[in-house]
Novice: 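Handing you this structure, nothing more for now.
The first residue of the sequence shown is numbered 1, and numbering continues consecutively from there. Because only heavy atoms are used, hydrogens play no part in the values below, and waters and symmetry mates are left out as well, while side chains stay in.
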Amino acid sequence: QVQLVESGGGWVQTGDSLTLSCAASGRTYSNYVMGWFRQATGKEREFVASMVYRGVLYYAAFVEGRFTISRDYARNTVYLQMNSLKPEDTAVYYCAGGRIETYFNDRAAYTNRERYGDWGQGTQVTVSS
């Protein structure tokens with residue numbers, strides 16, 4: 001069982017930046033994929049970004065170049081650097097992980113929350129206008 005613990009959420013103003021961190025503990029494997037999802041009040045949890053492997057990254061369309069996902073494999077930690085934040089980015093952000101065995105170009109798999117078996121507790125991000 002892998003445990004994921006997020007940190008770094010908070011309250012910011014429009015245009016500010018924030019970096020979320022997610023540390024994984026327990027046994028992970030070389031094909032352990034980590035990513036981020038978010039859930040705004042009254043909405044479904046949606047994909048934000050995932051890092052399949054070094055250089056293989058996926059982002060949601062709404063990211064528009066503002067977010068960057070990165071991973072420290074030695075520390076088993078994934079980060080989400082968020083710039084130019086907007087009020088519509090307000091949500092609880094969840095770290096997700098799982099063994100997703102498919103081709104690297106299978107975007108549908110890596111952006112599907114049903115494929116991730118491990119979840120963090122979530123961290124609130126609030127962006128005020």
Novice: So, Asn83 and Ser17: side-chain donor and acceptor under 3.5 Å apart, yes or no?
Specialist: yes
Novice: So, taking the atom named CH2 in Trp36 and the one named CG in Leu80, what distance separates them when rounded to the nearest 0.5 Å?
Specialist: 6.0 Å
Novice: Taking all heavy atoms of Ala24 and all of Val2, pick out the closest pair and write down the distance.
Specialist: CB-CG1, 4.1 Å
Novice: Using every non-hydrogen atom in the two residues, find where Ala109 and Thr102 come nearest and quote the distance to one decimal.
Specialist: CB-CG2, 3.8 Å
Novice: Go through the steps for Arg99 and Glu101 under the test side chain to side chain contact (heavy atoms under 4.5 Å, CB included), then give the verdict.
Specialist: CA-CA 6 Å; Arg99 296 183 67 185; Glu101 298 179 344; 3.2 Å; yes
Novice: Is the ring pair Tyr116/Phe37 parallel, tilted or perpendicular, if the boundaries are 30 and 60 degrees?
Specialist: perpendicular
Novice: Do Val125 and Leu18 come within less than 4.5 Å of each other through their side chains, counting heavy atoms only?
Specialist: yes
Novice: Indicate the atoms forming the closest heavy-atom contact of Leu4 with Asp118, along with that distance.
Specialist: CD1-O, 3.5 Å
Novice: Do Thr126 and Gln124 have side-chain N/O donor and acceptor atoms under 3.5 Å apart?
Specialist: yes
Novice: What are the two closest non-hydrogen atoms of Leu85 and Met82, and how far apart are they?
Specialist: CD2-CB, 3.8 Å
Novice: Could you tell me if Arg45 sits above the aromatic ring of Trp119, with its cationic atom closer than 6.0 Å to the ring centre and no more than 45 degrees from the axis?
Specialist: yes
Novice: Should Ser21 and Glu6 be marked as a side chain to side chain contact (heavy atoms under 4.5 Å, CB included) after you check the CA-CA gap, both sets of side-chain angles, and the distance that decides it?
Specialist: CA-CA 5 Å; Ser21 301; Glu6 304 105 332; over 6 Å; no
Novice: Will you find, in the side chains of Thr19 and Gln81, an N or O donor that is under 3.5 Å from an N or O acceptor?
Specialist: yes
Novice: For Asp89 and Arg66, run side chain to side chain contact (heavy atoms under 4.5 Å, CB included): C-alpha distance rounded to whole Å, both residues' side-chain angles, the deciding distance at 0.1 Å, then the answer.
Specialist: CA-CA 11 Å; Asp89 293 318; Arg66 301 179 297 127; 2.7 Å; yes
Novice: Do the non-hydrogen side-chain atoms of Val48 and Tyr59 ever get within less than 4.5 Å of each other?
Specialist: no
Novice: Nearest 0.5 angstrom please: Asp16 CG to Ser128 OG, how far?
Specialist: 8.0 Å
Novice: If you measure from SG on Cys22 to CD on Gln3, what distance do you get to the nearest 0.5 Å?
Specialist: 11.0 Å
Novice: Could you tell me the separation between the OH atom of Tyr58 and the CG atom of Asp106, rounded to the nearest 0.5 Å?
Specialist: 7.0 Å
Novice: Show, in sequence, the C-alpha distance, side-chain angles and deciding distance for Thr123 and Val92, and conclude whether the side chain to side chain contact (heavy atoms under 4.5 Å, CB included) test is met.
Specialist: CA-CA 5 Å; Thr123 185; Val92 177; 6.0 Å; no
Novice: Quick one: does Ile69's side chain get under 4.5 Å of Val78's, heavy atoms only?
Specialist: yes
Novice: For Thr77 and Arg75, indicate whether the former's side chain and the latter's backbone hold a donor-acceptor pair under 3.5 Å.
Specialist: yes
Novice: Using side-chain heavy atoms (C-beta onward) and a distance below 4.5 Å, is Arg71 in contact with Met34?
Specialist: yes
Novice: About how many Å separate OG of Ser25 and CG of Asn76, when rounded to the nearest 0.5 Å?
Specialist: 8.5 Å
Novice: Taking Arg38 as the fixed residue, which of Phe62, Phe47, Tyr94 is the one that meets the side chain to side chain contact (heavy atoms under 4.5 Å, CB included) rule?
Specialist: Phe62
Novice: Write down the atom of Val33, the atom of Met51, and the distance for their closest heavy-atom approach.
Specialist: CG1-O, 3.7 Å
Novice: Is a donor from one side chain sitting under 3.5 angstrom from an acceptor on the other, for Tyr79 and Asp72?
Specialist: no
Novice: Under a single-linkage definition using a 4.5 Å side-chain heavy-atom cutoff for Ile, Leu, Val, Met, Phe, Trp and Tyr, are Phe104 and Ile100 assigned to the same hydrophobic cluster?
Specialist: yes
Novice: When you compare the side chain of Arg113 with that of Glu46, does any pair of heavy atoms fall below 4.5 Å?
Specialist: no
Novice: Between the side chains of Glu64 and Lys86, is the shortest nitrogen-to-carboxylate-oxygen separation below 4.0 Å, so that they form an ion pair?
Specialist: yes
Novice: Looking at every non-hydrogen atom in both residues, tell me the closest pair between Ala91 and Ala40 and how far apart they are.
Specialist: CB-N, 3.8 Å
Novice: Supply the atom-to-atom distance Leu57 CG to Tyr110 OH, rounded to the nearest 0.5 angstrom.
Specialist: 12.0 Å
